[in-house]
Amino acid sequence: MSKQKLVRLFSMATSLALVLSLAFTANVIADDATPPPVTEETALPPTEELVPPSTEPVPTELPPTEETAPSVSELMSELPENTALVLTIDNEVVPLVTEEASEAILIGDPIWCPEGVLPDPNVNGCTDSYPDLESLIDDIDNSVIPEPSANGTIWIMAGADASISDIEIDGSIFTNWSNFNLTLQGGWDGTATGNVSGASDFSIALSVINWSGSVTLNQIAISNTAGTGLEVSTDGDIVLEDVSSSDNGGYGAELNSTAGSITLNGTNAFNNNVDTGLYADANGDIQANNVTASDNGAYGAELYSLNDVVLTGTNIFTGNTDSGVYAEATGNIEAENVTASSNDGNGAEFNSLNDVILTGTNEFRDNANSGLYVETGNNIDAENITANGNGGSGAELYSVSDVTVSGTNVFNDNTDSGLYAESDGDINAEN
């Protein structure tokens, strides 16, 4: 594994390498390995110069338990003078006397904790820590630890998770647990303060299926799996933040919410997958922020909602085998700052029973079919469109109500029409 796992303080005594010199510093590497047993030294036979051994019994010092484990400062006080100790955390040297080093020694990953509880193994309802996510789920599956019966979070340390088999958290198996909200929080720094930085990396498929509660994934990166990288199906809401799923043998991410909404916050990437990069199907709204879905074997993104579809931030769909982005909604479709270029279908295709609204700056270049294709049961309102070099029209707009094209708009070098607009209402275009 690419990151160094953290072990408990009670094993520290057998994993510290001490150099009793001012000229050297001992590095302490905390990992998953079980330290070797301490062997007793064979006593030397007494000599004439040695003082005879005392007849009083020598007290036996028991190894510290988790409850009585000495602090870092206590251990330091036991060391010879002029001994320096440091701890290496993610290849960064941290002085052992710091609070960061002390917490790093005490906490491992991953662990499940009740919602709102900071990650501290075996404290306030948290489980013990595990070497990888697969081990934690296996222990729940095999009833080694109880199936959770509350909303909760699985805290996963930043860096590569060591799981070797696909992880499936299946509500048809975890029939009690599936009724509660589940969060997979990646990027954890391993301390009880719950700090998050970076992401947790998986090279195996991750799925939460047949769930009833909401499912949230934060700071998770999945890549190079044989099939779909991420699959989530639930009756509740689905929330992703700073999630990527790329270079997989199926979909990048396949998200299905039968009774809730799907929300993507932060920055999210779904690139170079064999099938569609991002597939999202929701009974409620789909709201996605800063989505990049490029070089996929089908669509960049497919978005289906029985309510609204909203794309915010900067959204990029390039080099996909089908259309860059396809969105279908019974409510409104709103998109801002869309770039859809060099796709083998349309650049962007929006179909809505209500309004379609494009804001910000939108570019549709060099697509095999039309750059922008819109069909709506109500109004079309688009601004700042550049649609050049497409194999069909630059933009095709069909509305049963009004069409408005505002801002600055350019439609050049397309094989068919530059701008084609058809409406039962008014058509207004400027610049």
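These numbers were taken from a predicted model, which means no experiment stands behind them.
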Side chain to side chain donor-acceptor pair (under 3.5 Å) evaluation trace for T193 with N195 = CA-CA 6 Å; T193 55; N195 298 323; 3.0 Å; yes
Does the D132 side chain pair with the main chain of D161, one donor and one acceptor, at a distance under 3.5 Å?
->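 Looks like no, no N/O pair under 3.5 Å.
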Output yes when a side-chain donor or acceptor of T267 lies under 3.5 Å from a complementary backbone atom of D242, and no otherwise.
->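 No, because the side chain of T267 does not come within donor-acceptor range (under 3.5 Å) of the backbone of D242.
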Does the side chain of [X] come under 3.5 Å of the side chain of [Y] through a donor N or O and an acceptor N or O?
X	Y	answer
D355	N378	yes
N224	D247	no
N218	Q185	yes
N354	S352	no

Ring pair (Phe, Tyr, Trp, His ring centres under 6.0 Å) between Y398 and Y373, intermediate numbers included = CA-CA 8 Å; Y398 300 89; Y373 184 98; 5.6 Å; yes
Using the six-membered ring wherever Trp is involved, compare the ring planes of Y326 and Y304 and label them parallel, tilted or perpendicular (cut-offs 30° and 60°).
->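 Tilted: the ring planes of Y326 and Y304 meet at 30° to 60°.
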side-chain hydrogen bond (donor to acceptor under 3.5 Å, both in side chains) with N367: which of T318, N414, N343?
->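 Exactly one candidate clears the test, N343.
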Yes or no on side chain to side chain contact (heavy atoms under 4.5 Å, CB included) for W211 and D235, after CA distance, side-chain angles and deciding distance?
-> CA-CA 6 Å; W211 216 252; D235 297 332; over 6 Å; no
Flag the pair [X] / [Y] as yes when at least one side-chain heavy-atom distance between them is below 4.5 Å, and no otherwise.
X	Y	answer
L230	F202	no
S149	F180	yes
F270	S245	yes
S172	N210	yes

Please say which of V215, T216, L217 ends up in a side chain to side chain contact (heavy atoms under 4.5 Å, CB included) with V208.
->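 Option passing the side chain to side chain contact (heavy atoms under 4.5 Å, CB included) with V208: V215.
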